[in-house]
Amino acid sequence: MNSQQTGQRSPSRLVTAAGVDHVRLSYHYLDSGDLDGYGSLLHEQVELDRPDAPSGHGRAEVVRLHRDGLVPAARHLIHRIVAEGDRVVAMGSTGRSEFVDVFTLSAEGMLRGCRRYYFAPPAA
């Protein structure tokens, strides 16, 4: 169900473009260890959901999870970014694994949510 089906307005193209920039910057800040910069891109009520880390709720907690090493540190190589409305999808690899991050944007283009998926071969 998209935002038009729920009666909500889609964000403007400028908000979506700002969100894409924020996604790109988030990887740059994480890769360079700039957690203050990373935190500046997060909405106050951000939610982080990854299979390899505890869930995080709120900007301070998400930054703390990274600072305390509870979210595995990695260098990100982004292969493709796709965006529409309030969603940005980044596909990439960390050298250890391939991943897809699905971001939700706030009305201002801040990162409101991120859910990570990893590639795994099907069970035999």
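This chain uses plain numbering: 1 for the first residue, then up along the sequence.
Leu25 and Leu48 fall within the same hydrophobic cluster, where Ile, Leu, Val, Met, Phe, Trp and Tyr residues are linked whenever their side-chain heavy atoms come under 4.5 Å apart, directly or through other members. Linking Ile, Leu, Val, Met, Phe, Trp and Tyr residues whenever their side-chain heavy atoms come within less than 4.5 Å leaves Met110 and Val46 in two separate clusters. One hydrophobic cluster, built from ILVMFWY side chains closer than 4.5 Å, cannot hold both Val15 and Val82; they sit in different ones. At a threshold of 4.5 Å between side-chain heavy atoms, the hydrophobic network of Ile, Leu, Val, Met, Phe, Trp and Tyr places Leu105 and Ile78 in one connected group. Cluster annotation: Val102 and Leu30 are assigned to distinct hydrophobic clusters (Ile/Leu/Val/Met/Phe/Trp/Tyr, side-chain heavy-atom contacts under 4.5 Å, transitive).
Among all heavy-atom pairs drawn from Ser55 and Leu65, the shortest one is O-CD1, 3.9 Å. When all heavy atoms of Ser26 and Leu41 are compared, the closest pair comes out as N-CD1, 3.4 Å. Across all non-hydrogen atoms, the minimal contact from Gln45 to Arg112 is O-NH1, 2.6 Å. Nearest heavy-atom pair across Ala73 and Arg96 is O-NH2, 3.5 Å. The shortest non-hydrogen separation linking Thr16 to Ala83 is CG2-CB, 3.8 Å. The nearest pair of heavy atoms linking Val23 to Ala90 is CG1-CB, 4.3 Å.
You'll find the side chain of Ile81 stays beyond 4.5 Å of the side chain of Val89, heavy atoms only. A 4.5 Å side-chain heavy-atom check between Arg115 and Val100 finds every atom pair outside the cut-off. A heavy-atom distance below 4.5 Å is not found between the side chains of Tyr118 and Glu98. Counting only heavy atoms from C-beta outward, the side chains of Asp49 and Arg116 never approach each other to under 4.5 Å. Here the side chains of Cys114 and Glu47 are not in contact, with every heavy-atom distance at 4.5 Å or above.
Aromatic ring centres of His22 and Phe103 lie farther apart than the 6.0 Å criterion allows.
Applying the 6.0 Å contact sphere to CD of Glu61 captures more than 12 heavy atoms from other residues, nucleotides or ligands. Around the CZ atom of Arg24, the shell of radius 6.0 Å holds no more than 12 heavy atoms that belong to other residues, nucleotides or ligands.
Residues that satisfy the side-chain contact (heavy atoms from CB on, under 4.5 Å) test with Leu77, not counting sequence neighbours, are His79, Ser93. Evaluation of the side-chain hydrogen bond (donor to acceptor under 3.5 Å, both in side chains) rule for Ser40 yields no partner, not counting sequence neighbours.
We find that Asp36 and Arg67 are joined by a salt bridge, their nearest charged nitrogen and carboxylate oxygen being less than 4.0 Å apart.
Ring planes of His76 and Phe99: perpendicular class, angle over 60° (limits at 30 and 60°).
The side chain to side chain contact (heavy atoms under 4.5 Å, CB included) test with Val88 is passed by exactly one of Asp21, Leu111, Val20, Thr104: Val20.
Under the 3.5 Å distance criterion, with hydrogens and angles disregarded, no donor-acceptor pair is assigned to the side chains of Asp101 and Tyr117.
A distance of 11.0 Å separates NE2 in His66 from CG in Asp68, rounded to the nearest 0.5 Å.
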